[in-house]
Amino acid sequence: MVMHSFKLENYEQWLEEFAALLHVPVKDHLLVLPSHIGEGTIMAHTMSPQLSYAVMNFKLRSDLELYRESDGAKGFSLSFNQVEVNKEVRLNGDQAIMADKGTLRNDIFLSDTRDPLHLRIPAGSQIKRLVIFATHDLASRYLSAELLEKLETFARANSLSENPYFVNLPHRETLKELFEMKENDPLSQIRRLSRIIHLVEKFLTSFLRQEQASLPRAIKKNDLESMQHIEQILSSKLEGFPSLESLAHEVFMSTSKLKNLFKQLYGHTLYDYYNKNRLQRAKEMLITGQCSIKQAGSEIGFSNLSHFAKAFKKEFGILPRDLVKHK
């Protein structure tokens, strides 16, 4: 068991303190986990005195408990979590406690860094996580007073069970780029910053959309788990769109409730989400040279090559052959 208690001032400082606890060095902003703790890395940068972030990509061999104390710097912590859970993840806020026994968590969590937070992750869990810290002064410089007040209220009352924001397809694409970015890239810092700003913008857009639409905040935990299960099905099933009835049966709810709840949480209809995901998979296969254009289309369920090319161009603004030619 590894236990780390900290006051959050910035994530680069946090990484140095965590490394000291583990008795390992941080080299070029990168911590390689010692083998008895896990396998993988944590990288952290301070972009300015008011903005810092950490990128975590590791698998645990030991339980990990992180305690954020209440008297850190005034600001916001925004985390994008892609966690394959072994047994249970526990997240304790000032009042709320969430115990997630699901196998996969893809969520976005905003908190006020003045509030205490306790995160417990068991051994065997695979962690892919981006955490961003922005001071209150930085947020107030770029956000309207009205939006800032709403974010403060949301962050201080936040619990994953009542205020869900999920990592969806656009988030996942950007996060994949961050996790796979090479340190020897001379533009890595500016590339990371641009993608972090993009993710923050996406989150704020979703937040404003819910505020303006007056969408209900409180959603039953079982319904949230059901929607994550449906999202996993749509993300993994490439060869054909499952029927609406079969999806509804999968989570024991009506088709109308399924459609409305999924659109509310993910911002797309069920079919649009499935279609965007499979086309993105095809794009990745073509970029990496895994298969031909015909094979890529076939892999994601297109029997007609011209239909595949038309759908691909509609989604990405370029034909598959032109993408292959200029990759």
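The chain is numbered in sequence order, starting from 1.
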Please test R192 against Y53 for side chain to side chain contact (heavy atoms under 4.5 Å, CB included), starting from the C-alpha separation and ending with a verdict. CA-CA 10 Å; R192 284 197 187 94; Y53 67 89; 3.0 Å; yes
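- Between N106 and N81, every side-chain heavy-atom pair lies at or beyond the 4.5 Å cut-off.
- In the hydrophobic clustering, where aliphatic and aromatic side chains (Ile, Leu, Val, Met, Phe, Trp, Tyr) are joined below 4.5 Å either directly or transitively, F252 stands alone.
- I300 contributes atom CD1, which lies 4.5 Å from atom CG of L279 (distance to the nearest 0.5 angstrom).
- No path of Ile, Leu, Val, Met, Phe, Trp and Tyr side chains, each step under 4.5 Å between heavy atoms, connects M3 with I37, placing them in separate hydrophobic clusters.
- One hydrophobic cluster, built from ILVMFWY side chains closer than 4.5 Å, cannot hold both M285 and L319; they sit in different ones.
- A donor-acceptor pair is defined here as one N or O able to donate and one able to accept, closer than 3.5 Å; no such pair exists between the side chain of D28 and the backbone of L30.
- In this structure, CD1 in I197 is found 8.0 Å from CE in M47, a value given to the nearest 0.5 Å.
- The side-chain heavy atoms of N57 and Q126, taken from C-beta on, include a pair separated by under 4.5 Å.
- With hydrogens and angles disregarded, no donor-acceptor distance shorter than 3.5 Å links the side chain of S246 to the backbone of P242.
- Atoms CZ and CG, on F6 and L66 in that order, are 6.0 Å from each other to the nearest 0.5 Å.
- Counting all heavy atoms, side chain and backbone alike, K259 lies closest to L270 at CG-CD1, 4.0 Å.
- Of the charged side-chain nitrogens involved, at least one lies within less than 4.0 Å of a carboxylate oxygen, so that E146 and K150 count as a salt-bridged pair.
- Smallest separation of non-hydrogen atoms from S52 and T46: CB-CA, 4.0 Å.
- Taking the side chain as every heavy atom from C-beta outward, R129 and S79 approach each other to under 4.5 Å.
- When each of K237, R172, K276 is paired with E231, the salt bridge (charged side-chain N to carboxylate O under 4.0 Å, His left out) condition holds for R172 and for no other.
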Carefully, step by step, assess Y266 and Y273 under the rule ring-ring contact (aromatic ring centres under 6.0 Å, His included). CA-CA 8 Å; Y266 288 97; Y273 194 91; 5.5 Å; yes
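- Between T41 and F58, the closest side-chain pair of non-hydrogen atoms is not below 4.5 Å.
- Residues P34 and L22 approach most closely at CD-CD1, 4.0 Å, considering heavy atoms.
- In this structure, the separation between NZ on K74 and OG1 on T113 is 9.5 Å, given to the nearest 0.5 Å.
- If you take CG on L178 and CZ on R191, they are separated by 12.0 Å, rounding to the nearest 0.5 Å.
- No side-chain N or O of Q295 forms a donor-acceptor pair with one of E299 less than 3.5 Å apart.
- No more than 12 heavy-atom neighbours from other residues, nucleotides or ligands sit within 6.0 angstrom of CZ on R321.
- In terms of heavy atoms, Q280 sits closest to F316 at OE1-CE2, 3.5 Å.
- Using bins of under 30°, 30° to 60° and over 60° for the plane-to-plane angle, the ring pair Y11/F133 lands in the perpendicular bin.
- At least one side-chain heavy atom of D137 sits less than 4.5 Å from a side-chain heavy atom of Q50.
- The nearest pair of heavy atoms linking E9 to A73 is OE1-CB, 3.4 Å.
- Judged by distance alone, the side chains of E84 and S125 never bring a donor and an acceptor atom under 3.5 Å apart.
- Proximity of a side-chain donor or acceptor of S236 to a complementary backbone N or O of Q232 within less than 3.5 Å is detected.
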Check the pair H29 / E12 against side-chain hydrogen bond (donor to acceptor under 3.5 Å, both in side chains), numbers first and verdict last. CA-CA 7 Å; H29 304 277; E12 191 170 346; 3.2 Å; yes
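- P25 approaches L31 most closely through the heavy-atom pair O-CD1, 3.8 Å.
- Applying the salt bridge (Lys or Arg N to Asp or Glu O under 4.0 Å) test to pairs two or more places apart or on separate chains, those with a residue in residues 34-47 are E39-R61.
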Show your reasoning for whether side chain to side chain contact (heavy atoms under 4.5 Å, CB included) applies to E152 and H136. CA-CA 9 Å; E152 288 176 328; H136 186 274; 2.5 Å; yes
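- Counting heavy atoms from C-beta on, the side chains of D107 and F80 never come closer than 4.5 Å.
- E65 and H118 share a side-chain donor-acceptor pair at under 3.5 Å.
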Take F302 and H307 through the test ring-ring contact (aromatic ring centres under 6.0 Å, His included) and record every step on the way to the result. CA-CA 7 Å; F302 283 90; H307 289 170; 7.7 Å; no
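- Counting non-hydrogen atoms of other residues, nucleotides and ligands closer than 6.0 Å to CD1 of I190 gives a total of 12 or fewer.
- Two residues are said to be in side-chain contact when any heavy atoms from C-beta on lie closer than 4.5 Å; V324 and I293 meet this criterion.
- The closest donor-acceptor contact from the side chain of S62 to the backbone of M1 lies under 3.5 Å.
- Using a cut-off of 4.0 Å between Lys/Arg side-chain N and Asp/Glu carboxylate O, D115 and R156 are scored as salt-bridged.
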Any chance you could lay out the side-chain hydrogen bond (donor to acceptor under 3.5 Å, both in side chains) test for E69 and S5, step after step, and finish with the verdict? CA-CA 7 Å; E69 298 177 12; S5 181; 2.6 Å; yes
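- Crowding of E149 atom CD: a count of heavy atoms from other residues, nucleotides or ligands under 6.0 Å not exceeding 12.
- Few gaps surround OH on Y67; more than 12 heavy atoms of other groups in view lie less than 6.0 Å from it.
- Atoms CG and CG, from L204 and L110 in turn, are 8.5 Å apart once rounded to the nearest 0.5 Å.
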Kindly determine whether L175 and Q82 satisfy side chain to side chain contact (heavy atoms under 4.5 Å, CB included), including the steps that lead there. CA-CA 9 Å; L175 288 167; Q82 295 179 284; 3.7 Å; yes
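- No side-chain heavy atom of M43 sits less than 4.5 Å from a side-chain heavy atom of M181.
- Formation of a donor-acceptor pair under 3.5 Å by the D185 side chain with backbone atoms of L187 is found in this model.
- S235 and R281 are not linked by any side-chain donor-acceptor pair at a separation below 3.5 angstrom, with hydrogens and angles left out of the test.
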Do T269 and D272 pass the side-chain hydrogen bond (donor to acceptor under 3.5 Å, both in side chains) test, and can you show the C-alpha distance, the side-chain angles, and the key distance before you say yes or no? CA-CA 5 Å; T269 66; D272 283 349; 3.3 Å; yes
Dump the intermediate steps for side chain to side chain contact (heavy atoms under 4.5 Å, CB included) on I108 and H171, then the final yes or no. CA-CA 10 Å; I108 304 169; H171 296 133; 3.5 Å; yes
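- Using a 30° and 60° split on the angle between ring planes, Y274 and F241 fall in the tilted class, from 30° to 60°.
- Look at K313 and D322 and you find no salt bridge, because none of the NZ, NE, NH1 or NH2 atoms lies under 4.0 Å from a carboxylate O.
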